[in-house]
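One structure is given here, and the rest of the page talks about it.
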Amino acid sequence: MPTPTPPSLTFLDQARTALANAGDFAMGLATPTLRLGVTGLSRAGKTVFITALVHNLLHGGRLPLFAAAARGRISTARLDPQPDVDVARFDYENHVRTLVEERLWPSSTRRVAELRLTLEFESTSLFARAFGRGRLHLDIVDYPGEWLLDLPLLAKSYAEWSAETLARARRPAHAAIAGPWLAATAATDPAGPEDEAKVRDLAALFTDYLRAARADEHALSALPPGRFLMPGDHEGTPAVTFAPLPPGGEGVSKSLAAMMERHYEGYKEKVVRPFFTEHFVRLDRQIVLVDALQALNAGPGAVADLAEALGDILACFRPGRTSWLASILTRRIDRIVFAATKADHLHRSSHDRLEKILRRLVGDAMARATFAGAEVDVVALAAVRATREAMVDHDGEKLPAILGAPLPGETLDGEKLDPNAEFALFPGDLPEDPESLFPPAAKLREAVDSSPEVRANSDSRSTASPRSADSRPEVSPPESESEHEEPVVEFVRFRPPRLEKTAEGFTLSLPHIRLDRTLEFLLGDRLT
């Protein structure tokens, strides 16, 4: 697939953005502000990450690799009123209550939300300390990653988007679930007369395809428009009621294709562009959370699809550095973290392999961002650690396992698990070579250009296969196309941990894996 064209600002957008940035700069003269964007595709753990970040800073969490906290230089961390009165506040208090008291995971991100955390700290500079304590406003901006996939649409016509979307739907990983919508589209005449009922029917079938594609068993990612599954206030409007059509209705006045195109352009201008100009271009730092394990379990097609989606996402960023003077009017994202979440679902011996896999997924995008002057890091992360590691005896052999309490309703090998009791799970080993998880290049090219008749075959799958404590995990070698069968692979979803208390009765902060390393990369230089 070609590299997507980054969205551009119109002259009016540039003027508005410069004015907003100048206002932010003026407000930050007394206390500097760092705007941190937190995003990721669905189920990646955005809400959990923000909640854990704030909880650990407010409660003095165990953060040995976050220098300012580890050395006691952060004197105060508090929540302050957010600066943007037209943006929803991130519901930190309720999310903490859900995690700590109910031991359940909070609801997913469905809109832009914001939270301001103010940090007062002791500077490492003698000169800076002479003027008193340092202070930093950390404005955390939470937004769905699916909305990022919409930004390239700003540079695409309806015909271009339709051609790309139809070609993607015919790939092996998509074709079966796209069948009903593709069949209805094939029976439609784009040059036919305007028909609102027909438009709604095609849009509904298209939305059903998007919903099915993102389900756990398929875990497909590169699927704009992002608002179709979370329309919010736009639900039922023409702006979210359209679908791709094949060529045939170009230039025909009052045709079905013209009506679809009008709705598509409305989506770009009324839904996508405001997000881009009001939120996205005002970010300083960015973390992208990635549920790589879900894609690995769904197979090579889902892995290739995730790689494409992540490439599209980073192509929308504005990475690089600006001078102090230029930063008054324009912002660039100068540090980006890609985090493979749910690292606590694997034994630590596989964490470096998980990072390698993520590096392979975002390799091209990382190179472009680095070339532009941004710093990029990749980390295997669990913002809230739901498991712990242990060695378990099995037939006289010591085996590495993870222990945790499953969420209500979880099953393993067909048996329902007790949510109030811990059990041991052998998570298996990820492959040493990330390339074994991707379709071979020739197969991938064939998939990209495939017709509806292409068979849904993949060359191989190799990933961690969890087993209960009475069986040893095995990782099968790659199979040929003729031998390939769909294995049943599932990762058990664990409950958040029960928080420990000190002898004085104080509740400790949420445990994590590498949250401190992530904070050091994102914030460390601003707290020196």
Side-chain angles (χ1 to χ4, degrees), residues 1 4 39-44 46 108-110 144-153 156 161-186 201-231 235 240-246 264 267 289-313 361 437-439 443-444 446-458 461 463 486 489-491:
M1 293 292 292
T39 195
L41 300 175
S42 58
R43 302 181 300 273
K46 299 177 288 295
S108 300
T109 298
R110 299 189 65 84
E146 285 78 8
W147 294 10
L148 280 183
L149 295 176
D150 283 345
L151 295 185
L153 301 183
K156 293 178 184 177
W161 171 74
S162 290
E164 291 179 5
T165 304
L166 288 166
R168 181 182 293 118
R170 291 165 182 151
R171 295 180 191 174
H174 294 246
I177 52 180
W181 162 61
L182 288 175
T185 301
D201 290 345
L202 287 173
L205 288 170
F206 180 54
T207 303
D208 289 343
Y209 153 62
L210 297 179
R211 185 176 294 108
R214 288 179 181 154
D216 287 351
E217 61 267 29
H218 303 295
L220 299 172
S221 306
L223 295 165
R227 300 289 185 97
F228 271 42
L229 300 186
M230 48 182 72
E235 185 170 4
V240 291
T241 309
F242 60 91
L245 287 175
Y264 170 81
Y267 181 78
L289 303 170
V290 183
D291 185 2
L293 295 180
Q294 190 66 53
L296 297 179
N297 290 336
V303 173
D305 200 74
L306 177 60
E308 181 183 338
L310 292 173
D312 290 349
I313 284 174
L361 285 166
L437 299 167
F438 288 78
K443 186 71 177 177
L444 185 57
E446 176 187 323
V448 170
D449 299 324
S450 64
S451 67
E453 289 76 25
V454 174
R455 296 287 182 182
N457 292 323
S458 299
R461 177 185 295 175
T463 186
E486 287 291 317
V489 181
E490 56 179 340
F491 279 93

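By convention here, the first residue in the shown sequence is residue 1.
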Working to the nearest 0.5 angstrom, can you tell me the gap between L220 CG and L306 CG? 10.0 Å
For L182 and A169, work out which heavy atoms get closest and say how close. CD1-O, 3.9 Å
What closest approach, in Å, do A184 and L205 show between heavy atoms, and which atom pair accounts for it? CB-CD1, 3.5 Å
Looking at D150, L223, V240, which hits side chain to side chain contact (heavy atoms under 4.5 Å, CB included) with F228? V240
Just so I know, are the side chains of P246 and L166 near enough to count as touching, which here means a heavy-atom distance under 4.5 Å? yes
List the residues meeting side chain to side chain donor-acceptor pair (under 3.5 Å) with T39, not counting sequence neighbours, and say none if there are none. none
Check A295 against A302 and note the closest heavy-atom contact, atom names and distance. O-CB, 3.7 Å
Would you call R227-E235 a salt bridge at under 4.0 Å N-O? no
Without swapping roles, check the side chain of D305 against the backbone of G301 for a donor-acceptor pair under 3.5 Å. no
All side chain to side chain contact (heavy atoms under 4.5 Å, CB included) counterparts of A203, not counting sequence neighbours: T241
Roughly how far apart are E146 CD and L210 CG, rounded to 0.5 Å? 10.5 Å
I'd like to check F206 versus P225 (side-chain heavy atoms, cut-off strictly below 4.5 Å). Are they in contact? yes
Grab the two heavy atoms, one from H218 and one from A213, that are nearest each other, plus how far apart they are. CB-O, 3.4 Å
Who are the side chain to side chain donor-acceptor pair (under 3.5 Å) partners of W181, not counting sequence neighbours? T185
Might you work through the ring-ring contact (aromatic ring centres under 6.0 Å, His included) test for F242 and W161, ending with a clear yes or no? CA-CA 12 Å; F242 60 91; W161 171 74; 5.4 Å; yes
Nearest-0.5 Å distance that lies between atom CG in L229 and atom CZ in R214: 5.0 Å
Who are the salt bridge (Lys or Arg N to Asp or Glu O under 4.0 Å) partners of D201, not counting sequence neighbours? none
In chain order, what residues pass the side chain to side chain contact (heavy atoms under 4.5 Å, CB included) check against A309, with sequence neighbours excluded? L41, L149, S221, A222
For the CZ atom of R168 and the CD atom of E308, what is their distance to the nearest 0.5 Å? 4.5 Å
Just how far is it from atom OG1 of T165 to atom CZ of R170, taken to the nearest 0.5 Å? 10.5 Å
Once side chain to side chain donor-acceptor pair (under 3.5 Å) is applied, do any residues pair with Y209, and if so which ones, sequence neighbours excluded? H174
Would you say D208 and I177 make side-chain contact, with heavy atoms under 4.5 Å? no
